[in-house]
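Shown next, in structure tokens, is the structure this report addresses.
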Amino acid sequence: MTTDDSILIAGGTVIDSSQAIHAKRDVLIEGGRIAAIAESIGRERAKHVIDATGLIVCPGFIDLHCHLREPGGSASETIASGTAAAASGGFTTVFCMPNTNPVCDSHVVVKFILVRAQEAGSIRVVPIAAVTRDQKGEQLADLGALMSAGAGAYSDDGRPVSNAMVMRRALTYAHMLDMPIFDHAEDLSLTADGVMHEGNVSLRLGLKGIPRSSEATIVARDCALSHETGGRLHICHVSNRDSVAAIRHWKDRGAPVTAEVSPHHLTLTDEAVCAGEGYRTSAKMKPPLCSEDDRRSLIEALEDGTIDCIATDHAPHSPPSKDALFQDAPFGILGFESAFAVLYTTFVASGRWKLDFLIEKMTSAPAEVIGAEWGTLRPGSCADVALLRVGEPYVFDEARVKSLSRNSPWLGQSFGGRVVATLAEGRVVFKEEAALCATDPSAGPCGPRPVVIADPTLTRGRVSGT
Ligand SMILES: [Zn+2]
């Protein structure tokens with residue numbers, strides 16, 4: 001017997017680190033959940049069949065750090081365009097930062113984001129609420145109410161929580177709620193008006209530098225506060241070797257600290273600022289791209305577990321805003337649509353990592369950081385799935401970009417792997433033009449997703465699978 005929404009993903013190679021699977025497997029989806037995973041499942045068991053021969057089938061990617069810009073920044077991105085971009089990058093869950101206008105520091109804005117995400121009908125969006133009111137770093141936001149409204153974490157990202165006592169209180173409350181604080185670690189007095197990493201390249205270009213200590217001192221401070229209070233601290237976008245050393249030190253001492261690193265910090269250095277003609281604003285972000293030595297320490301930290309997972313820090317800025325003098329352009333670059341291609345090509349195609357490792361760091365590893373049940377193809381779990389094609393050239397051209405912005409340093413470059421389809425809760429939310437659905441793609445699971453207004457179920461800060 002088949003159900004109308006049943007899909008069989010047949011003939012692919014399943015890679016799922018949560019179950020230590022790397023083998024040819026068929027995957028059956030029913031009612032938005034994984035119903036079965038086995039060497040062979042009869043095609044008669046599903047209404048729709050996706051032929052995944054030659055493809056990798058893995059859990060949908062989870063991004064703990066992105067900016068969807070809505071409310072208030074819809075010239076750069078909307079929740080609809082951002083989730084479409086995420087889906088085309090293989091992401092099925094994204095955590096969006098609260099530095100919107102207004103700031104996501106009230107249950108009203110949390111609900112607004114959740115409703116907009118449901119209307120967009122693509123992937124799962126988990127709002128991250130502000131630590132402090134209006135992200136001013138002074139008074140704590142109503143952390144309990146924000147959690148009840150559906151926030152999955154707290155952060156003042158875009159800005160640091162500069163006052164140590166405010167951060168200590170926030171960690172203490174967050175600990176009581178069993179919620180993590182996502183830390184944008186930056187000492188603004190050290191950043192001052194710096195626009196890139198302080199080093200030989202900034203000296204050569206005559207641009208004001210940001211020293212490593214701007215990040216590393218706050219990482220060390222906040223890890224110490226986490227250790228003291230028991231509050232879970234997740235260090236965002238770690239960029240340099242001194243921050244890595246601080247995280248390693250405090251993790252060794254048992255502090256409840258986790259950390260993420262971005263694709264750009266793993267693959268680029270400050271040299272990217274002046275690659276080609278002029279200074280590239282698509283290589284300007286916070287924290288800045290650092291030296292090759294820093295990049296190597298980030299790779300080693302991800303490999304040895306000091307850094308837990310990969311997060312994109314997808315930060316769209318409208319073309320006119322980035323089309324400016326380097327020192328005037330805003331910080332941040334796109335991330336969703338290039339993440340897998342860039343990381344696959346740099347680390348897997350080159351032989352440094354197994355594909356299993358990369359997939360783990362984009363699926364089960366971020367799920368573990370947040371304590372969620374996603375990032376797995378285990379029967380009974382949400383049918384969040386990415387289909388990947390590797391070993392075939394792929395040009396990341398502008399025509400493919402679904403984000404409203406274009407601020408990527410990788411546009412026009414060729415890569416050796418890509419995402420070809422994405423399913424979120426058993427519905428096809430992205431597929432390449434060549435339709436992968438064997439049956440009528442305008443019907444059933446491949447059609448538009450119905451709008452359902454519902455709160456995600458959040459229990460004591462642990463995000464459930466629904
Ligand atoms: Zn940040």
Side-chain angles (χ1 to χ4, degrees), residues 63-69 73 76-77 82 94-101 103-105 126-132 134-137 151-162 166-167 170 180-192 194-197 210-223 233-240 242-244 246-247 257-266 268 282-290 294 298 307-317 322 329-336 339 366 369-370 405 407:
D63 193 353
L64 296 182
H65 191 144
C66 74
H67 301 268
L68 297 179
R69 302 295 187 219
S76 299
E77 199 78 286
V94 300
F95 283 62
C96 61
M97 286 297 178
N99 56 337
T100 48
N101 187 13
V103 165
C104 183
D105 64 354
V126 182
I128 299 174
V131 176
T132 64
D134 206 25
Q135 293 192 262
K136 284 200 159 67
Y154 309 112
S155 181
D156 271 359
D157 187 61
R159 296 181 55 78
V161 177
S162 293
V166 172
M167 185 54 127
I181 290 187
F182 285 19
D183 194 9
H184 171 111
E186 180 182 16
D187 185 319
L188 294 174
S189 70
L190 290 168
T191 296
V195 293
M196 68 174 293
H197 172 63
I210 302 172
R212 289 185 184 87
S213 54
S214 173
E215 176 183 82
T217 55
I218 301 300
V219 168
R221 182 199 81 174
D222 291 347
C223 285
L233 183 76
H234 177 69
I235 310 288
C236 294
H237 41 50
V238 181
S239 72
N240 72 63
D242 295 341
S243 302
V244 166
I247 294 165
V257 171
T258 54
E260 71 188 28
V261 62
S262 74
H264 44 276
H265 288 111
L266 286 170
L268 299 172
S282 63
K284 180 180 178 182
M285 71 287 289
K286 261 189 188 176
L289 299 168
C290 297
D294 294 292
L298 295 171
I307 293 176
D308 299 79
C309 67
I310 293 163
T312 70
D313 193 7
H314 177 82
H317 290 289
K322 271 287 196 181
F331 293 92
I333 64 166
L334 300 182
F336 291 146
V369 166
I370 200 71
S405 295
N407 49 317

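Counting starts at 1 for both ligands and their atoms, following the listed order. As the structure is a computational prediction, the values presented were derived from the model and not from experiment.
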Is there an N/O/S atom in [X] that lies less than 2.8 Å from the Zn ion (ligand 1)?
X	value
D313	no
H237	yes
H184	yes

D157 atom (N/O/S) at minimal separation from the Zn ion (ligand 1):
OD1

State, with a plain yes or no, whether a side-chain heavy atom of R69 is found less than 4.5 Å away from one of N99.
yes

Hey, are the side chains of I307 and C309 touching, using non-hydrogen atoms and a 4.5 Å cut-off?
no

Answer yes if the side chains of S243 and E215 hold a donor-acceptor pair under 3.5 Å, and no otherwise.
yes

Centroid-to-centroid, H264 to H237, below 6.0 Å?
no

